[in-house]
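Quantities reported herein were computed from a predicted structural model and do not represent experimental measurements. Counting convention: from 1, in listed order, for ligands and their atoms alike.
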Amino acid sequence: MDLKNEILRLKDEKNAVILAHFYQIPEIQDIADYIGDSLGLAQKAEQTDADIIVFSGVHFMAETAKILNPGKKVVLPDLNAGCSLADACPPEEFAAFRQKHPDHMVISYINCTAGIKALSDVICTSSNAVPVVEYFPEGQPIIFAPDKNLGGYVNKVTGRNMVLWDGTCEVHDVLETEAVIRMKADNPDAKLIAHPECKAPVLEIADFIGSTTAMLKYTVKDDAEKYIVATETGILHQMKKKSPQKEFLIVPTNDTCSCNDCPYMKMNTMQKLYLCMKNEHPQIILDEELMEKSRKPIERMLEISRELNIIK
Ligand code: 13P
Ligand code: SF4
């Protein structure tokens, strides 16, 4: 079967839109209506007039699309496509943690479950975390969850002292500082670009830090010819497409190691994408009250991002 043609046929027949994250396999990126970072994907999900949202990413992303579109069908190729950051922050434990800091507001990274979003005042993504935190007055006590690396980075940039939940992304947190230093020494002409989910010592030596979209834009505009890329491998597809003359080295470069392939993102295949569109299953189903509670902080993030001209 020609999966690509069948997926395109089903898309027209069902008035579906395919939203994909940059960490998806190249074939899926090439067939998607929109590829982007978490903020771009949330915004597209908010604006779509399609009847079915096919979300090729991980569970919390499809969940966010459903929360913003409670009346639409949202399908995900593999319901088991989770996220170590979301798993690191169970709602019951987080509710108890929040109770210990009653005067703190909660800013949560979008990489969390609907249960955590419902316990948050505002959501942020890697592309707007710094301005979202700075939006609130300097003396405002804040809990930041669930990524301690992103939270630590935001604390450093803003001079705030947010209380951090102890979660990490298993893909970015394993990128070793020693390997990065070695690569920089071997490639003195290359610039190091890193995702803020990386550990602090990697971020400290980076030439540029940003979300997947921000990194991609940087490699297009910047005049270097070579980049050491500290994030998940999927983004290389777009970097190479947009700048075929440039060289991109992923950390680590060892060909036998695929530890910076996100095992959850890579659960989605063309076959599963086709089947979820054909069967309109598996679907994201959420409790109405949970959707209501978790929608407010997501909408607040989108409003703040519009007010600050981060998105239109
Ligand atoms: P962004 O694409 O928003 O930078 O997020 C990266 C990521 O880890 C998504 O799970
Ligand atoms: Fe979660 Fe990390 Fe995978 Fe993103 S790359 S989905 S943060 S485990």
Side-chain angles (χ1 to χ4, degrees), residues 19-25 28-29 32 34-46 55-65 76-89 107-113 116-117 123-132 144-151 153-154 165-175 193-199 202-203 206 208-219 229-239 250-251 258-268 298 301-302 305 310-311:
L19 306 181
H21 188 265
F22 284 127
Y23 296 164
Q24 294 298 285
I25 56 169
I28 293 183
Q29 290 189 35
Y34 176 80
I35 26 172
D37 67 1
S38 305
L39 181 62
L41 287 163
Q43 200 193 356
K44 283 285 164 199
E46 184 200 29
F55 212 111
S56 208
V58 290
H59 195 277
F60 76 80
M61 295 177 167
E63 210 173 53
T64 304
L76 179 68
D78 191 323
L79 216 49
N80 292 318
C83 167
S84 70
L85 265 172
D87 290 347
C89 198
I107 302 184
S108 293
Y109 186 32
I110 200 163
N111 298 33
C112 64
T113 59
I116 297 299
K117 289 184 175 84
I123 300 302
C124 69
T125 74
S126 55
S127 62
N128 63 13
V130 168
V132 165
F144 188 89
D147 187 2
K148 68 172 180 189
N149 288 343
L150 175 63
Y153 166 69
V154 175
W165 180 263
D166 188 11
T168 56
C169 160
E170 68 179 49
V171 180
H172 290 86
D173 201 54
V174 296
L175 301 182
I193 56 173
H195 194 278
E197 288 173 18
C198 293
K199 288 187 285 222
V202 173
L203 297 178
F208 179 78
I209 299 165
S211 75
T212 49
T213 296
M215 282 195 276
L216 179 61
K217 284 187 180 161
Y218 180 80
T219 59
V229 185
T231 190
E232 212 268 1
T233 54
I235 189 69
L236 290 194
H237 181 56
Q238 294 304 321
M239 287 180 176
I250 195 85
V251 179
S258 60
C259 37
N260 53 349
D261 267 327
C262 172
Y264 313 105
M265 287 281 184
K266 296 301 195 282
M267 278 181 184
N268 296 329
I298 303 172
M301 168 188 78
L302 293 169
S305 301
I310 297 166
I311 57 171

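Although no hydrogens or angles enter the test, the distance criterion places a donor-acceptor pair under 3.5 Å between the side chain of Gln29 and the main chain of Gln24. Between the Asn260 side chain and the Val251 main chain, a donor and an acceptor come within less than 3.5 Å of each other. Judged by distance alone, the side chain of Glu232 and the main-chain N or O of Cys262 form a donor-acceptor pair under 3.5 Å.
Remark: ligand 1 and Ser211 share no N or O pair separated by less than 3.5 Å (distance only, no angle test). By the 3.5 Å distance cut-off applied to N or O atoms, Glu197 is counted among the residues near ligand 1. Ligand 1 has no N or O atom lying under 3.5 Å from any N or O atom of Asp37, backbone or side chain.
Of all non-hydrogen atoms in Thr125 and Leu39, the two that sit nearest each other are OG1-CB, 3.5 Å. Minimum heavy-atom separation, Asn149 to Cys198: CB-O, 3.4 Å. Ala81 and Gly57 make their closest contact through CB-O, 4.0 Å (heavy atoms, listed as atom of the first residue, atom of the second, distance). Closest of all the heavy-atom pairs between Thr168 and Ser84 is O-OG, 3.2 Å. Contact record, Tyr109 with Pro146: CB-CD, 3.8 Å, taken as the closest heavy-atom pair.
Atom CG of residue Leu216 and atom NE2 of residue His237 lie 11.0 Å apart, to the nearest 0.5 angstrom.
The closest approach between any non-hydrogen atom of Met61 and ligand 1 is below 4.0 Å. Note on ligand 1: His21 sits in its first shell, one or more heavy atoms being nearer than 4.0 Å.
The side chain of Glu197, and not its backbone, has at least one atom closer than 4.0 Å to an atom of ligand 2 (non-hydrogen atoms only; side chain from C-beta on). Only side-chain heavy atoms of Tyr23 come within less than 4.0 Å of ligand 1; its backbone N, CA, C and O stay farther off. The residue Thr125 has no part lying near ligand 1, judged by heavy-atom distances below 4.0 Å. By the criterion of a heavy-atom distance under 4.0 Å, neither the backbone nor the side chain of Thr213 is placed next to ligand 1.
For ligand 2, the atoms lying closer than 4.0 Å to a non-hydrogen atom of Leu85 are 7 (S). The atoms of ligand 1 that sit less than 4.0 Å from any heavy atom of Ser38 are 1 (P), 2 (O), 3 (O), 5 (O).
Judged by distance alone, the side chains of Gln43 and Tyr34 never bring a donor and an acceptor atom under 3.5 Å apart.
Regarding atom 6 (C) of ligand 1, its nearest protein heavy-atom neighbour is His195 NE2, 3.4 Å. With respect to atom 10 (O) of ligand 1, the closest heavy atom belonging to the protein is Asn111 ND2, 3.3 Å. In this structure, the protein non-hydrogen atom closest to atom 2 (Fe) of ligand 2 is Cys169 SG, 2.3 Å. Annotation: atom 4 (Fe) of ligand 2 to nearest protein heavy atom, Asn111 ND2, 4.0 Å.
Screening Asp261, Thr212, Thr231 against Tyr23 for a side chain to side chain donor-acceptor pair (under 3.5 Å) leaves a single residue, Thr231.
In summary, an N, O or S atom of Cys262 is located under 2.8 Å from atom 3 (Fe) of ligand 2. Taking backbone and side-chain atoms together, Cys83 has an N/O/S atom less than 2.8 Å away from atom 1 (Fe) of ligand 2.
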